[in-house]
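Excluded from the calculations below are hydrogen atoms, water molecules and symmetry mates; all remaining heavy atoms, backbone and side chain alike, are included. In what follows, chains carry the letters A, B, and so on, assigned in the order in which the sequence lines appear, proteins first and then strands, with residues in each chain numbered from 1.
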Amino acid sequence: MTDKTTIEKNVVGNFITHIIDEDLASKKHSNVVTRFPPEPNGYLHIGHAKSICLNFGVAADYQGICHLRFDDTNPEKESDEYAQAIQRDIKWLGFDWGRNKFHASDYFDHLYGFAEELIEKGLAFVDDQSPEEIRENRGDFNRPGVESPYRERSVEENLTLFRGMKAGEFADGSKVLRAKIDMQSGNINMRDPVIYRIKRMHHIHTGDKWCIYPMYDFTHCISDALEGITHSLCTLEFEDHRPLYDWVLDNIDIDCHPQQIEFSRLNVSFTVTSKRRLNQLVEQNIVDGWDDPRMSTISGLRRRGYPPAAIRDFVKQVGVSKKESVISMTVLEDVIRHHLNQTSPRVMGVLDPLKVVIENYPEDQVEMLTGANHPQDESFGSREIPFSREIYIEQADYKANANRKFFRLTEGREVRLRHAYYITCREAIKDEAGNVIELRCTYDPESRGGTADGRKVKGTIHWISAAHAEPIEVRLYDRLFNHPNPASMDNFIDAVNPDSLRILPNALLEPGIAEQDADVVYQFERNAYFKRDKTHEKDKPVFNQVVTMRDSWAKVEQSAE
RNA sequence: UGGGAUGUCGCCAAGUGGUUAAGGCACCAGGUUUUGAUCCUGGCAUUCGAAGGUUCGAAUCCUUCCAUCCCAGCCA
């Protein structure tokens, strides 16, 4: 208590950890086993990150384990490509299932056995009704269901029929196995739910062994129980399924009964996370594939340059509750910035170059100046930066007739060049159209690394020696949507931000950076954080903007207008 | 006129009958600064969806009401 060995938790205390605490205290459980159970039918997104961090995080916090289980009960939509991508994404997020990788399909034999057990107990029957009849007879919110005419078949007949289903004697869709529960139930999930259907389809794991496949509600609870899961965490929409989860386990011979606990999904403002919508963005070529840096997919976040540790911090900060919520994107950005501020080496990059000639600097001279790679952390070391008579600065760092609030260049004003000298703007050269194309400046040779006479200058701007600058392409990203909750719209495509990607083909980077480590996120000082894109090549360097820096000047400038 | 859930500051979220109702983001005001970044300081809910009630004492217990979300796949 008094020492500093307190280990930082992965998950902050919440209603789920309270339940676990109680279960441990009451000796209901002596350990914690959770699971992350994706269906391999799509790519993971930021919403899944919450579930992953919660399940793996809680397990780690309690010295327990977390299984990875592919919920592969519907071969129609599943592929191994997705399964591989899911594993890659979980690992990238920093979690490890060790040897505990399972598939619901591993249990198909067990599941089949439990289904026969229900039949033998008179708790399941083979129904010959068509899908339409079943739907019609299920009733609705205001109308109870009608029992199937096949509901009272004998155990023997049901067994024979179900074995026939398994043996491939019946056509797809011609028969199903249903649990016999309660057609009057207010909970529609309990109105004799279908638990097995006939579907002649190749399965990614079991191949063509089966032509009947168990439904989610029958499979999930049993899979949890077979694996000894203690707490089965899922999202809110499964609350109505919990009675069925419990019914199945209560009515078969199995000695484990995990507790299903539901929490709310993670939604982030100005993004979408539904598979359907993400897919639409890809299909309509609104984005550059599933890993487009603007996508909320894990692969998109990775390509964008978000550090996995920051995503974990984000999920942690967001918390866990049962309240439907939309987290502000600023929370995500803040966590990313906070992380990157501590871990990113600083570098100078000019996004929108403006040429500057320093008239009193010798024509052929090149000086190597030393720049610290991190202003607060000396362990980052320093680098040599070439300085010469012609340099590039940011267009935005010059303004004609600027007022006193503008700390950068305007005629007659002096600023500091980062890591270098003071320069004073003497003249702006314009083209015929009146655009400023070059600045003529003078420098103070005594001002290197400080000032001889102690005079202070308000502004410091970044620059790159013209002769040494490396041309790069820079991609700037803004929110993909202009609406805080695109999913709530009739057509979310209408909310797509047409300016979410801006390509700057003529950006410049200080030398010796572009070909360094592909995984490093750099801070282009006074601009933003950048990381090499996957399309980056030696002769065509491409950098993605990860996140901008906070910009209080933008606010000042805006309020002045 | 069905069933299941949720309502604490603009967005999240602690709180489990006795606290001046944590914290983060956002926002506002200052300070430091060779990044208008970072960092630091201060401000930001007499009130917990509403109304009643129980209690010496209620965000926490009870009642009623209101709002929002989920459910009618042989999807998960």
- Task: Under 4.0 Å between any heavy atoms, over every strand shown, what does A/Pro243 touch: base, sugar-phosphate, or nothing? Just pick one.
- Result: nothing
- Describe the nucleic acid contact of A/His462 in one word from base, sugar-phosphate, nothing, applying a heavy-atom distance below 4.0 Å. nothing
- Query: Checking all strands, does A/Arg191 fall into the base, sugar-phosphate, or nothing category for heavy-atom contacts under 4.0 angstrom?
  - Reply: nothing
- Quick one: list whatever passes side-chain contact (heavy atoms from CB on, under 4.5 Å) with A/Val415, sequence neighbours left out. A/Leu409, A/Ile423, A/Ile461
- Query: If you look at every strand shown and take non-hydrogen atoms under 4.0 Å, does A/Arg242 touch a base, only sugar-phosphate, or nothing?
  - Reply: nothing
- Message: Please tell me if A/Lys322 has a side-chain N or O lying less than 4.0 Å from either OP1 or OP2 of B/G4.
- Response: no
- Query: In whole Å, what separates the P atom of B/G10 from that of B/C27?
  - Reply: 15 Å
- Would you indicate what A/Leu236 reaches in the nucleic acid, counting non-hydrogen atoms under 4.0 angstrom: base, sugar-phosphate, or nothing? nothing
- How would you list, by chain and number, every residue that makes a ring pair (Phe, Tyr, Trp, His ring centres under 6.0 Å) with A/Tyr196, sequence neighbours excluded? A/Phe162, A/Phe218
- Hey, does A/Glu78 reach any base, or is it just sugar-phosphate, or nothing, if we go heavy atoms under 4.0 Å? nothing
- Message: OP1 or OP2 of B/C75 versus the side-chain N and O atoms of A/Lys199: is any pair under 4.0 Å?
- Response: yes
- Task: Would you mind classifying the nucleic acid contact of A/Gln523 as base, sugar-phosphate or nothing, using non-hydrogen atoms under 4.0 angstrom?
- Result: base
- Message: How many whole angstroms separate atom OH of A/Tyr216 from atom C1' of B/A76?
- Response: 7 Å
- Nearest-Å distance once atom C1' is located in both B/U46 and B/U41: 26 Å
- Message: Please report the distance separating the P of B/A51 from the corresponding atom of B/A59, rounded so that it comes out in whole Å.
- Response: 13 Å
- Task: Pick the P atom in B/G24 and in B/G18, then give their distance to the nearest Å.
- Result: 25 Å
- Task: Remember a base hit wins even if backbone is also touched, and classify A/Thr73 as base, sugar-phosphate or nothing at under 4.0 Å, heavy atoms.
- Result: sugar-phosphate
- Strand-adjacent residues in residues 171-186 of chain A, judged by heavy atoms under 4.0 Å from RNA chain B: A/Gly173, A/Val176, A/Gly186
- Query: Watson-Crick or G-U wobble partner for B/C69, using a 3.5 Å limit on both distances?
  - Reply: B/G4
- Item | Length of the line joining A/Asn485:CG and B/C11:P, which is rounded to integer Å | 13 Å
- Query: Closer than 4.0 Å, any side-chain N/O of A/Arg526 to the OP1 or OP2 of B/U33?
  - Reply: no
- Expressed in angstrom and rounded to an integer, what is the separation of A/Ile86 atom CD1 from B/A76 atom C1'? 12 Å
- Contacts of A/Lys101 meeting side-chain contact (heavy atoms from CB on, under 4.5 Å) (sequence neighbours excluded), chain-then-number -> A/Leu68, A/Phe70, A/Gln87, A/Trp97, A/His103
- Query: Hey, would you say the A/Tyr529 and A/Tyr522 ring centroids sit under 6.0 Å apart?
  - Reply: no
- Inter-nucleotide P distance (B/U60, B/U1), Å rounded: 28 Å
- Kindly say whether the aromatic ring centers of A/Tyr421 and A/Phe387 come within a distance under 6.0 Å. yes
- Task: Could you tell me whether A/Glu8 and A/Lys316 make a salt bridge, using a distance below 4.0 angstrom between a side-chain N and a carboxylate O?
- Result: yes
- Message: A/Asp21: which residues meet the side-chain hydrogen bond (donor to acceptor under 3.5 Å, both in side chains) condition with it, sequence neighbours left out?
- Response: A/Tyr62
- Please list, chain by chain and in numerical order, all residues satisfying ring pair (Phe, Tyr, Trp, His ring centres under 6.0 Å) with A/His203, sequence neighbours excluded. A/Phe108, A/Tyr213
- Task: Check whether any side-chain N or O of A/Asp72 sits under 3.5 Å from a backbone N or O of A/His205 as a donor-acceptor pair, and report yes or no.
- Result: no
- Message: Tell me whether the side-chain N/O atoms of A/His338 come closer than 4.0 Å to OP1 or OP2 in B/G24.
- Response: no
- Message: Determine whether A/Met549 and A/Gln523 satisfy the following criterion, side-chain contact (heavy atoms from CB on, under 4.5 Å), listing intermediate values before the conclusion.
- Response: CA-CA 9 Å; A/Met549 294 203 273; A/Gln523 185 194 93; 3.3 Å; yes
- Item | Watson-Crick or G-U wobble mate for B/C44, both contacts under 3.5 Å | none
- Query: Has A/Ser552 got a side-chain N or O lying under 4.0 Å from the OP1 or OP2 atom of B/A37?
  - Reply: yes
- Message: Which residues pass the side-chain hydrogen bond (donor to acceptor under 3.5 Å, both in side chains) test with A/Thr235, not counting sequence neighbours?
- Response: A/Glu237
- Query: Which part of the nucleic acid, if any, lies within contact of A/His220, taking any heavy atom under 4.0 Å across all strands shown: a base, the sugar-phosphate backbone alone, or nothing?
  - Reply: nothing
- Query: Say you pick atom C1' in B/G53 and the same atom in B/C11; how far apart are they, in whole Å?
  - Reply: 34 Å
- Query: What is the nucleic acid contact for A/Glu39, judged by heavy atoms within less than 4.0 Å: base, sugar-phosphate only, or nothing?
  - Reply: sugar-phosphate
- Message: Over all strands shown, is A/Asn341 touching base, sugar-phosphate only, or nothing at heavy-atom distances under 4.0 angstrom?
- Response: sugar-phosphate
- Is it true that a side-chain atom of A/His374 and a backbone atom of A/Asn341 form a donor plus acceptor pair closer than 3.5 Å? yes
- Message: Looking at A/Arg197, I'd like to know whether one of its side-chain N or O atoms comes within less than 4.0 Å of OP1 or OP2 on B/A76.
- Response: yes
- Query: What string of B, S and - do you get for nucleotides 26-31 of chain B, 5' to 3', if B is base contact, S is sugar-phosphate-only contact and - is no contact with any protein heavy atom under 4.0 Å?
  - Reply: SSS---
- Rounded distance (Å) that lies between atom C1' of B/C75 and atom NE2 of A/His241: 10 Å
- By centroid distance (under 5.5 Å) and plane angle (under 30°), are A/Phe141 and B/C71 in a stacked arrangement? yes
- Counting only non-hydrogen atoms, which of residues 45-54 of chain A are less than 4.0 Å from RNA chain B? none
- Message: Taking the six-membered ring for Trp, are A/His220 and A/Tyr216 closer than 6.0 Å centroid to centroid?
- Response: yes
- Message: I'd like the P distance from B/C9 over to B/A14, given in whole Å.
- Response: 13 Å
- Query: Nearest to the side chain of A/Ile134, which nucleotide is it out of B/U35, B/C74, B/C12?
  - Reply: B/C74
- Query: In whole angstrom, what separates A/Glu76's CD from B/C74's C1'?
  - Reply: 10 Å
- Query: Which base sits across from B/C61 as a Watson-Crick or G-U pair, both distances under 3.5 Å?
  - Reply: B/G53
- Message: If I pick the C1' atom on B/U54 and the same atom on B/G73, what distance separates them, to the nearest angstrom?
- Response: 48 Å
- Sequence neighbours excluded, which residues qualify as side-chain contact (heavy atoms from CB on, under 4.5 Å) partners of A/Leu278? A/His45, A/Val272, A/Leu281, A/Trp290, A/Met295, A/Ser296, A/Thr297
- Message: Mind checking if A/Val12 touches a base, just sugar-phosphate, or nothing, with heavy atoms under 4.0 Å?
- Response: nothing
- Message: Taking any heavy-atom pair under 4.0 Å as a contact, classify A/Tyr213: base, sugar-phosphate, or nothing.
- Response: nothing
- Query: If you look at every strand shown and take non-hydrogen atoms under 4.0 Å, does A/Met215 touch a base, only sugar-phosphate, or nothing?
  - Reply: sugar-phosphate
- Item | Near-parallel close stack of A/Trp553 and B/G36 base (under 5.5 Å, under 30°) | yes
- Item | Residue pairs fulfilling salt bridge (Lys or Arg N to Asp or Glu O under 4.0 Å) with at least one residue in residues 181-195 of chain A, sequence neighbours excluded | A/Arg151-A/Asp192
- side-chain contact (heavy atoms from CB on, under 4.5 Å) partners of A/Arg413, counting only residues at least two apart: A/Ala402, A/Phe406, A/Thr410
